[in-house]
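My questions all concern the structure below.
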Protein chains: 2
Amino acid sequence: MSSAAESVPSPVQIQAGAPAGHADAVDRILAVAYELFSHRGVRDVGVNELIERSGVAKATFYRHFPSKDSLVLAFLEQRDRQWTVDAIVSEARRRGATPTEQLLAIFDVFGDWFLREDFEACSFINILLEMGPAHPLGQASIDYLARIRGHVQTLAEEAGLARPEDFARSWHILMKGSIISATEGDMQANKRAQQMAAWLIEHHRS
Amino acid sequence: MSSAAESVPSPVQIQAGAPAGHADAVDRILAVAYELFSHRGVRDVGVNELIERSGVAKATFYRHFPSKDSLVLAFLEQRDRQWTVDAIVSEARRRGATPTEQLLAIFDVFGDWFLREDFEACSFINILLEMGPAHPLGQASIDYLARIRGHVQTLAEEAGLARPEDFARSWHILMKGSIISATEGDMQANKRAQQMAAWLIEHHRS
DNA sequence: AACGAGTAAGACCGGTCTGTCTCTACCTGG
DNA sequence: CCAGGTAGAGACAGACCGGTCTTACTCGTT
């Protein structure tokens, strides 16, 4: 999955090597893709809409991305950076003083997230269920979900909890379940999950 | 949602009123739809494939179902009957002696389900995420998910647990989260959820 | 025997999908 | 000044989508 993402030039490389005349086409495509894919899903957004909204020629699009799927891979990588890392993990770390508090703060961040009017569930789960676990994009989503679990496991290790991998897998069940419940309209789903998460922490002490 | 399902004649009505010469077209369509929709999702299966696989003329299809979406609604109703009620709830009730045991047995049934090679997650969740909560099919999925929660709530009441609706909502988070984890490949997801479910029961006693 | 309801088969319609290709304009480095 | 790479605009291909409609056939009923 990371190999496929490597075939897409990063924005930094583009900005360094491209002529400075006008804004980079790749950056505009990625920005529009992030906006549309994260809010409406991958299957609902076609290439024609992407190129129209980003003011890019179709040939330009396909020069930088050999297929729509490769753009989706780039989007998933961007989503991991901007959403998983910056919006969730970093924010939770900022809100909590201790690793245990930081873990529980994840569900406080979820609470704010659930209340957003443009809340649209987790792109990794969406794409995994939409494409299936056998599809390359489903596999990539599984990889990025594993990265989320890795962040939880790290926090569990910092908190000195027992069996941090098992802990992270159980914790992740609560995260994903609460996201689905929020999609159904339960705005207290984060609180319910947080309560069960506290019990989980309790049972992983010592 | 149920009003739309009512526009679809039930198999019983068809078998009673149709000529006895050949198998009913509606039944064949519904059987094929159940097979394809539950395994590959709604968007991935077109009307042409449905009519080809069920040996039905296109006009016949559209005489019985005014649109593809109405067939999906009929599929969701069938899924609630065959999967939610017959495969999960009834089986869990059969496996447990007390309401508490029956609740926990849900995750044993999930364990067997996760191991099936044609395991394909929960159609209600899939369609909800695929179409979004605003789409009629997403709304119908939300309704059927609420029915699942209702079964859990009934069991909680039979077990004499406190605040059965809150209990059912938390329990449902565990169910849905474990399904997503199983889709990712974690075959122990049911056991992890069952452990947390036991703690949830403990905290709802008294 | 004639009729009408239901059926299979499939052509057809307008639209959308991903992806390829052409054409022209621009900007830059040599 | 000019060649080459990049850009926008958009026609086009081939497949597929949901949905409509025509045609021919097979029934049970009258």
Side-chain angles (χ1 to χ4, degrees), chain A residues 4 7-9 11 13-33 36-37 40-75 127 130-131 135-137, chain B residues 4 7-9 11 13-33 36-37 40-75 127 130-131 135-137:
Chain A
S7 69
V8 177
Q13 290 174 331
I14 287 291
Q15 281 181 338
H22 36 73
D24 294 321
V26 170
D27 289 353
R28 270 178 291 154
I29 295 170
L30 281 174
V32 170
L36 298 184
F37 284 160
R40 287 169 36 201
V42 160
R43 261 183 146 126
D44 208 49
V45 180
V47 172
N48 290 321
E49 184 174 1
L50 284 165
I51 65 167
E52 186 184 351
R53 296 276 288 257
S54 49
V56 150
K58 213 165 193 181
T60 305
F61 177 94
Y62 278 102
R63 189 177 305 122
H64 293 294
F65 301 96
S67 68
K68 181 189 173 184
D69 280 6
S70 79
L71 173 64
V72 177
L73 284 174
F75 156 69
I127 293 178
E130 200 165 7
M131 316 300 288
H135 191 281
L137 295 180
Chain B
S7 71
V8 176
Q13 290 174 329
I14 287 290
Q15 281 180 340
H22 35 77
D24 294 321
V26 170
D27 290 352
R28 270 178 291 152
I29 294 171
L30 281 175
V32 170
L36 297 184
F37 284 160
R40 287 169 36 202
V42 160
R43 263 184 145 123
D44 207 49
V45 180
V47 173
N48 291 318
E49 184 175 359
L50 284 165
I51 64 167
E52 187 184 352
R53 295 274 289 258
S54 51
V56 150
K58 214 166 191 180
T60 305
F61 177 94
Y62 278 101
R63 189 175 307 120
H64 293 293
F65 301 95
S67 68
K68 182 189 173 184
D69 280 6
S70 80
L71 173 63
V72 178
L73 284 174
F75 157 70
I127 293 179
E130 201 165 8
M131 315 302 289
H135 190 281
L137 296 180

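Chain letters run A, B, ... following the sequence lines, proteins first and then strands; every chain starts at 1.
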B/His64 atom NE2 is separated from C/dT7 atom P, nearest whole Å, by 4 Å
Contact under 4.0 Å: A/Arg63 side-chain N or O vs D/dA7 OP1/OP2 = yes
Roughly how many Å is it from CD in B/Glu52 to C1' in C/dA11, rounded to a whole number?
-> 16 Å
Nearest to the side chain of B/Tyr62 - D/dG19, C/dT18, C/dA8?
-> D/dG19
Distance in Å, B/Ile29 CD1 paired with B/Phe75 CZ, rounded so as to fall on 0.5 Å steps | 15.0 Å
To the nearest angstrom, how far is B/Asn48 atom CG from C/dA9 atom P?
-> 14 Å
Side chain of B/Ala57 only, please: which of C/dG19, D/dA7, C/dA9 is the nearest?
-> C/dA9
Distance-only donor-acceptor test, B/Lys58 side-chain atoms vs C/dG10 base atoms, 3.5 Å = no
Nearest-angstrom distance from the residue atom CG of A/Leu36 to P of C/dC17 = 12 Å
Most 5' of A/Thr60 and A/Arg43 on DNA chain C, judged by nearest nucleotide = A/Arg43
Could you tell me the separation between the CG atom of A/Asp24 and the P atom of D/dT6, rounded to a whole number of Å?
-> 12 Å
Derivation of the side chain to side chain contact (heavy atoms under 4.5 Å, CB included) call for B/Asp44 and B/Glu130 = CA-CA 11 Å; B/Asp44 207 49; B/Glu130 201 165 8; 5.9 Å; no
Show the numbers, then the answer: is there a side chain to side chain contact (heavy atoms under 4.5 Å, CB included) between A/Thr60 and A/Val26?
-> CA-CA 9 Å; A/Thr60 305; A/Val26 170; over 6 Å; no
Within this structure, what is the CD1-to-P distance between B/Ile51 and D/dT20, rounded to whole angstrom?
-> 13 Å
Would you call A/Asp69 and A/His135 a side-chain contact if the rule is heavy atoms closer than 4.5 Å?
-> yes
OP1 or OP2 of C/dA8 sitting under 4.0 Å from any side-chain N/O of B/Arg28?
-> yes
For A/Phe61 and C/dT20, what is the distance between atoms CZ and C1' respectively, to the nearest whole Å?
-> 13 Å
Can a donor-acceptor pair under 3.5 Å be found between the side-chain atoms of B/Lys68 and the base atoms of D/dG19?
-> no
Closest to the A/Val56 side chain, choosing from C/dT7, D/dG8, D/dA7 | D/dG8
State, with a plain yes or no, whether a side-chain heavy atom of A/Leu50 is found less than 4.5 Å away from one of A/Val45.
-> yes
Could you tell me the separation between the CG atom of B/Asp44 and the P atom of D/dC16, rounded to a whole number of Å?
-> 12 Å
